[in-house]
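Heads up, the thing below is written out as structure tokens.
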Amino acid sequence: MPGPGIAAYLGIATFLFVTGAVGVLLRRSPLIVLLSLEIMLNGANLALIAFARHWGNGDGQIFAISVMAVAAAEVVVGLGLIVAMARKNLDLDVDDLSSLKG
Amino acid sequence: MLAYTAVGNVFVWIVWIAAAAACIGTGVLVVTRTNPFHSALALIGNLGSLAVLYLLLSAEFVAAAQILVYAGAVMVMFLFVIAYLGGKADAPWIGGRSWHQVAAALAGIAILADVLVAISLSAGGTLKTEAEVTRSFGSPEEIGRLFLTDHLLAFEITSIVLLVAAVGGVVLGSHARRTEAEAAAESAEDAA
């Protein structure tokens, strides 16, 4: 009996990506939007690492680690914007971010 | 090795099914909770079950980095911000216009069906067995060698991205403080 193949991992990756995408599109709170973005990035990471294992080549893992670094940077800036919104007493609603003027 | 015996593969399937179910369940929880604290905790569970899947794919270093950097550092920052916001952070399903919601759901279903069909048509076959990948695959040694030889440019660009993000975080924070001081000055002028 063979172990889980590449298609099994890609199915999970696709489901995670779509879950995150629906969260980004549907939810209004910027916090939940950021958390959903993390799920999308992790879905892509799982696909990268599954393909790296499929071809026996480490380049996909390098890409996944770079994605993690970019995700950390994105969270810093996103959370900074959310804290700035809260200090200006705006409602935490993505529609209020239609202009980023100070 | 255990993983390419028949009994070993049954064990791999059991771990895979448990991790995949946890992954999908916590992913759905993150998107559906109205309390962002619960969402963040579910995301930590999601990252942990993904780390298990990475281990099954013999990506040991990425799994360790996932737990340390993501489930550790990044999520702690999330939880601090949610705690700082307190009750303001609650996120009920306010929703936009109803056709936006319908379009979002349809787009999600379309992407899911599209990619699943593509996978089932073309991504057949099993992974390389343990014997076929080299022993150092996924080890810190191999990752470090790739980063400092083939992918040196990506490594350096990543450090610049992190530096820019750190500067951006400081600028956003200090900007908010300045506007608070301005607001205080304005209210003092109004009072005078």
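Order of the sequence lines sets the chain letters (A, B, ...), proteins ahead of strands, with each chain counted from 1. Bear in mind the structure is a predicted one, so any value in this text is a computation, not a measurement. Side chains are part of it too, since the values below use all heavy atoms of this structure and drop only hydrogens, waters and symmetry mates.
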Can you tell which of [options] has the highest number of heavy-atom pairs within less than 4.5 Å of chain A?
| options | result |
| --- | --- |
| B/Leu146, B/Leu47, B/Val164 | B/Leu146 |
| B/Val30, B/Ile109, B/Ile111 | B/Val30 |
| B/Val115, B/Val69, B/Ile24 | B/Ile24 |
| B/Val81, B/Thr158, B/Asn46 | B/Val81 |
| B/Ile157, B/Ile143, B/Asp150, B/Leu162 | B/Ile143 |

Quick check on the hydrophobic clustering: are [X] and [Y] connected, directly or via other members, by side-chain heavy-atom contacts under 4.5 Å?
| X | Y | answer |
| --- | --- | --- |
| A/Val67 | B/Leu50 | yes |
| B/Phe37 | B/Val76 | no |
| B/Leu79 | B/Tyr84 | yes |
| A/Val33 | A/Val83 | yes |
| B/Leu172 | B/Val161 | no |

_Would the distance check show the side chain of A/Arg27 and the main-chain N or O of B/Val31 forming a donor-acceptor pair, the cut-off being under 3.5 Å?_
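Yes, the answer is positive, given that a donor and an acceptor are paired below the 3.5 Å cut-off.
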Compare all side-chain heavy atoms of [X] with those of [Y] and state whether any distance is below 4.5 angstrom.
| X | Y | result |
| --- | --- | --- |
| A/Leu16 | B/Cys23 | yes |
| B/Val74 | A/Met68 | no |
| B/His151 | A/Phe63 | no |

Which bit of [X] is near chain A, if near means a heavy-atom gap under 4.5 Å: side chain, backbone, both or neither?
| X | result |
| --- | --- |
| B/Arg33 | backbone |
| B/Tyr70 | side chain |
| B/Thr32 | backbone |

_Checking B/Gln66 against A/Asn42 for the side-chain contact (heavy atoms from CB on, under 4.5 Å) test, could you report, in this order, the C-alpha distance in whole Å, the side-chain angles of both residues, the deciding distance, and whether it holds?_
CA-CA 10 Å; B/Gln66 170 100 351; A/Asn42 276 302; 3.5 Å; yes
Of the backbone (N, CA, C, O) and the side chain (C-beta and beyond), which part of [X] lies under 4.5 Å from a heavy atom of chain B, both, or neither?
| X | result |
| --- | --- |
| A/Ile49 | both |
| A/Asp59 | both |
| A/Ile32 | side chain |
| A/Leu41 | side chain |

Distance (rounded to the nearest 0.5 Å) between [X] [atom1] and [Y] [atom2]:
| X | Y | atom1 | atom2 | answer |
| --- | --- | --- | --- | --- |
| A/Arg87 | B/Leu85 | CZ | CG | 10.5 Å |
| A/Gln61 | B/Tyr54 | CD | OH | 10.5 Å |
| B/Leu43 | A/Ile39 | CG | CD1 | 5.5 Å |
| B/Leu116 | A/Thr14 | CG | OG1 | 5.5 Å |
| A/Leu34 | B/Phe78 | CG | CZ | 4.5 Å |
| B/Leu112 | A/Phe15 | CG | CZ | 7.0 Å |

_A/Leu79 and B/Phe80: CA distance, side-chain angles, deciding distance, side-chain contact (heavy atoms from CB on, under 4.5 Å) verdict_ = CA-CA 10 Å; A/Leu79 288 180; B/Phe80 268 129; over 6 Å; no
*Might you confirm whether atom CZ of B/Phe155 has over 12 heavy atoms from other residues, nucleotides or ligands at distances under 6.0 Å?*
no
Return the option, out of [options], with the maximum number of heavy-atom pairs under 4.5 Å with chain B.
| options | value |
| --- | --- |
| A/Leu25, A/Leu46, A/Asn45 | A/Leu46 |
| A/Ala21, A/Gly78, A/Ser36, A/Gly58 | A/Gly58 |
| A/Thr19, A/Leu35, A/Val18, A/Ile12 | A/Leu35 |
| A/Ile62, A/Leu31, A/Val22, A/Val77 | A/Ile62 |

_side-chain contact (heavy atoms from CB on, under 4.5 Å) evaluation trace for B/Ile119 with A/Ile6_ = CA-CA 9 Å; B/Ile119 290 171; A/Ile6 180 85; over 6 Å; no
*Return the minimal non-hydrogen interatomic distance between A/Pro4 and B/Trp13, and the atom names on each side.*
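Closest heavy-atom pair between A/Pro4 and B/Trp13: CA-CZ2, 3.4 Å.
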